[in-house]
Visitor: 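Handing you a structure now.
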Amino acid sequence: MPDLPRPALRAAALLALALAGPLCAQAASGKPDAAALYQQHCASCHGAQRTGLMGPALLPESLERTRPAEVLRVIKEGRQATQMAGYADRLSGTEIQALADWIRTPVLPAPRWGEADIRASRIATPLPADEPVKPKWDADPMNLFVVVEGGDHHVSLLDGDRFEVIARFASRYALHGGPKFTPDGRYVFFGSRDGWITKYDLWRLAVVAEVRAGLNMRNVAVSGDGRWVMAANYLPHSLALFDADLQLVKTYNAATLDGKASSRVSAVYDATPRNSFVVALKDIPEIWEISYDKRAAPIHDGLVQGRRLKEGIAKPGYLDVRRTPLEEPLDDFFFDQSYRHALGATRPKAGGNASAQVVNLDLRRKIADLPIAGMPHLGSGITFAWNGTTVLASPNLGGGAVDVIDMKTWKNVATIPTPGAGFFMRSHEHTPYAWTDSMMSKEGKERLTIIDKRSLKPVAEVREPGKTLAHIEFTRDGRYALASLWEMDGALIVYDAATFQEVKRLPMKKPVGKYNVWNKITRSEGTSH
Ligand code: DHE
């Protein structure tokens with residue numbers, strides 16, 4: 001990862017300044033010229049086009065989730081333990097405000113990131129000759145946890161038996177979404193909001209390769225056979241397919257068949273039982289499925305690259321886009337365990353509610369509307385057996401409740417009260433309890449609610465007064481539940497999953513999510529995949 005010392009950065013900044021020639025940071029109007037200030041002070045780290053260099057991208061899409069006051073604070077004071085210096089001693093309050101406002105405006109013309117850029121961005125470390133046949137650390141590789149610490153952009157690897165950190169390393173800026181494992185659990189792929197994919201060797205504790213798939217990325221998926229990695233981008237409107245060494249194979253424009261409308265790609269999921277990737281599009285009413293099965297049936301969808309197909313001619317089904325038309329865009333999904341059904345939610349319209357529907361991926365159409373009280377976060381829910389059927393349960397971002405839905409009838413069988421809107425619910429095959437957070441609500445953020453999967457009733461809670469508790473993942477055997485104390489000086493808290501008592505607390509920097517190798521590669525019904 002690029003890691004220039006601060007003097008080198010300052011020299012780079014001065015060089016950029018010298019090359020740019022004399023800059024006037026004051027516009028004729030008397031207002032600070034934010035564009036000139038940016039080129040003078042920021043471009044050497046964040047890129048002349050704001051697409052990021054060793055510093056993160058500063059595009060409206062990248063800053064969507066950062067509060068304006070936080071942007072001002074970072075420009076003034078810098079960011080601790082990073083190369084971002086504070087500018088309060090060099091820039092006036094008006095200049096800082098002008099810069100903060102300006103970086104939220106779109107870059108015109110819009111920055112491009114094509115196949116050549118993706119290929120050129122790839123960084124790979126040659127494999128050593130002495131490939132290990134087992135991990136170089138002593139712990140069960142199947143009970144390993146990968147913990148993403150958002151506070152200082154690091155990843156910790158945790159022994160899931162002893163609850164000890166095996167290694168800690170710097171990640172790309174702002175990882176988001178679940179890291180994805182190869183089927184043998186040896187390699188893990190991380191996706192950053194700035195578009196970087198990092199392949200990491202958990203056995204050798206080393207980065208293998210990195211590539212920038214887009215300028216603003218949502219997530220990555222790894223195929224069930226471990227051969228393919230797919231990235232979903234907001235910017236540009238595209239998907240990028242890589243082989244397992246992060247060599248680009250192809251990109252897909254996220255556009256309608258006639259090319260008239262394009263879309264941000266909300267997310268891509270691996271549907272292992274179908275040997276395909278399933279793609280959620282934010283702006284166009286279609287679900288895409290891209291098969292990585294060479295025997296996939298051909299695709300007949302009317303047009304190929306603008307040419308109308310003659311009867312009997314079709315695109316090959318392998319690595320090509322099969323479209324399921326919808327009435328409205330569904331921008332996120334859950335799947336049932338068979339991956340035959342995608343359960344999608346639509347964003348709430350102004351003044352309206354979120355709605356959800358079930359799409360049968362074989363019939364390629366909607367088969368039911370779903371009763372949900374609010375928009376769930378992606379990968380937030382779980383499935384489990386209940387009363388002779390299988391149910392899906394998920395918290396939602398709309399209010400304090402978990403919706404439980406029968407997956408045979410697609411009817412709501414229970415609404416379980418929680419202290420507030422929550423992001424994640426987790427369980428395990430070997431525990432009768434499911435745990436959920438209420439991290440999006442003032443009253444509920446300090447509480448995790450424990451629900452009995454048999455009675456569908458809350459039976460207990462754990463609490464961290466005044467703090468935020470979130471995102472649970474179980475050990476491989478389901479005996480312990482690990483939760484995040486989601487604070488800058490936070491912790492990973494290990495609870496006994498039967499007694500709900502705290503067993504251990506490991507200090508961590510805002511641990512966002514944690515991912516157990518075994519639960520992920522076996523696609524446990526109690527967690528996301
Ligand atoms: Fe996430 C997963 C989208 C905000 C933490 N989030 C995902 C996934 C998507 C998604 C598409 C599934 C990808 C995967 O795992 O492959 N997230 C979104 C949003 O649209 C939303 C609401 C707004 C946004 O701007 O992105 C959003 N997400 C957040 C947060 O604010 C969270 C709480 C903190 C953060 O760091 O961004 C957050 N999202 C997470 C986590 C996962 C995730 C921890 C993985 C959960 C898992 O267990 O798999």
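Atoms within a ligand are numbered from 1 in the order they appear, just like the ligands themselves.
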Visitor: Any atoms of ligand 1 less than 4.0 Å from a non-hydrogen atom of Val512? List them with their elements.
Guide: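 The atoms of ligand 1 under 4.0 Å from a heavy atom of Val512 are 36 (O), 44 (C).
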Visitor: Look at ligand 1 and say whether Gly150 reaches it with a heavy atom at a distance under 4.0 Å.
Guide: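 It does not, in that no heavy atom of Gly150 comes within the 4.0 Å cut-off of ligand 1.
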Visitor: With sequence neighbours left out, write down each residue that passes side-chain hydrogen bond (donor to acceptor under 3.5 Å, both in side chains) with Glu429, or none if nothing qualifies.
Guide: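 For Glu429, the residues satisfying side-chain hydrogen bond (donor to acceptor under 3.5 Å, both in side chains) (neighbours in sequence not counted) are Ser524.
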Visitor: Parallel, tilted or perpendicular: which one describes the rings of Phe335 and Tyr339, with boundaries at 30° and 60°?
Guide: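 Parallel: the ring planes of Phe335 and Tyr339 meet at under 30°.
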Visitor: Run the numbers for me: atoms of ligand 1, each under 4.0 Å from some heavy atom of Ser266, listed by number.
Guide: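 Selected atoms, number and element: 11 (C).
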Visitor: If you apply the rule side-chain hydrogen bond (donor to acceptor under 3.5 Å, both in side chains), what do you find for Ser484 with Lys510, and how did you get there?
Guide: CA-CA 8 Å; Ser484 291; Lys510 203 172 191 189; over 6 Å; no
Visitor: Pull out every atom of ligand 1 sitting under 4.0 Å from any heavy atom of Ala267, numbered as shown with elements.
Guide: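 So the answer, numbered in order with elements, is 11 (C).
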Visitor: Salt bridge between Glu464 and Arg505, side-chain N to carboxylate O under 4.0 Å?
Guide: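 Arg505 and Glu464: salt-bridged.
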Visitor: Is Arg476 salt-bridged to Asp161, going by a charged N under 4.0 Å from an acidic O?
Guide: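 Salt bridge flag = no for Asp161 with Arg476.
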Visitor: For Arg426, is the nearest heavy atom under 4.0 Å from an atom of ligand 1?
Guide: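 Yes, that is the case, since the closest heavy atom of the residue is under 4.0 Å from the ligand.
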Visitor: Does any pair with a residue in residues 504-529 pass ring pair (Phe, Tyr, Trp, His ring centres under 6.0 Å), and if so which ones, sequence neighbours excluded?
Guide: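 Those involving residues 504-529 are His471-Tyr515.
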Visitor: Going through the distances and angles, do Glu149 and Ser156 end up as a side-chain hydrogen bond (donor to acceptor under 3.5 Å, both in side chains)?
Guide: CA-CA 7 Å; Glu149 294 182 66; Ser156 286; 2.5 Å; yes
Visitor: Is ligand 1 less than 4.0 angstrom away from at least one heavy atom of Arg218?
Guide: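 Distance cut 4.0 Å: Arg218 passes for ligand 1.
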Visitor: Using 0.5 Å steps for rounding, measure from the OG atom of Ser438 to the CD atom of Glu461.
Guide: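 CD of Glu461 is found 9.0 Å from OG of Ser438.
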Visitor: What atoms of ligand 1 come closer than 4.0 angstrom to any heavy atom of Ser528?
Guide: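 Counting from 1, the qualifying ligand atoms are 47 (C), 48 (O), 49 (O).
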Visitor: What do you reckon, does Gly178 have a nitrogen or oxygen under 3.5 Å from a nitrogen or oxygen of ligand 1?
Guide: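 Between Gly178 and ligand 1, an N or O pair is found under 3.5 Å apart.
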Visitor: What I want to find out is whether Asp489 reaches Lys509 closely enough, with some N-O distance under 4.0 Å, to be called a salt bridge.
Guide: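 Looking at Asp489 and Lys509, the cut-off is met.
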Visitor: Please confirm whether Trp486 comes within less than 3.5 Å of ligand 1 when only nitrogen or oxygen atoms on both sides are compared.
Guide: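 No - when backbone and side-chain N and O of Trp486 are compared with those of ligand 1, no distance drops under 3.5 Å.
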Visitor: What orientation do Trp410 and His341 show, parallel under 30°, tilted 30 to 60°, or perpendicular over 60°?
Guide: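 Perpendicular.
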Visitor: Is there a nitrogen or oxygen of Arg193 sitting under 3.5 Å from a nitrogen or oxygen of ligand 1?
Guide: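 It does: an N or O of Arg193 is found under 3.5 Å from an N or O of ligand 1.
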Visitor: Quick test of your reading of the structure: of Phe423, Tyr234, Tyr515, Phe333, whose heavy atom lies closest to atom 44 (C) of ligand 1?
Guide: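 Selected option, by shortest heavy-atom distance: Tyr515.
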Visitor: So, 4.0 Å and heavy atoms of Lys180: is ligand 1 close enough to count as a contact?
Guide: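 Right, Lys180 reaches ligand 1.
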Visitor: How does Ala174 reach ligand 1, by side chain, by backbone, by both or by neither, if only non-hydrogen atoms under 4.0 Å count?
Guide: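 Contact part for Ala174 vs ligand 1: neither.
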Visitor: Under a 4.0 angstrom heavy-atom cut-off, which atoms of ligand 1 come close to Asn219?
Guide: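 Ligand 1 atoms under the 4.0 Å threshold to Asn219: 13 (C), 14 (C), 16 (O).
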Visitor: Just distances here: any N/O of Glu64 and N/O of ligand 1 closer than 3.5 Å?
Guide: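 No.
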Visitor: State whether the shortest distance between N or O atoms of Tyr269 and N or O atoms of ligand 1 falls below 3.5 angstrom.
Guide: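 Between Tyr269 and ligand 1, no N or O pair is found under 3.5 Å apart.
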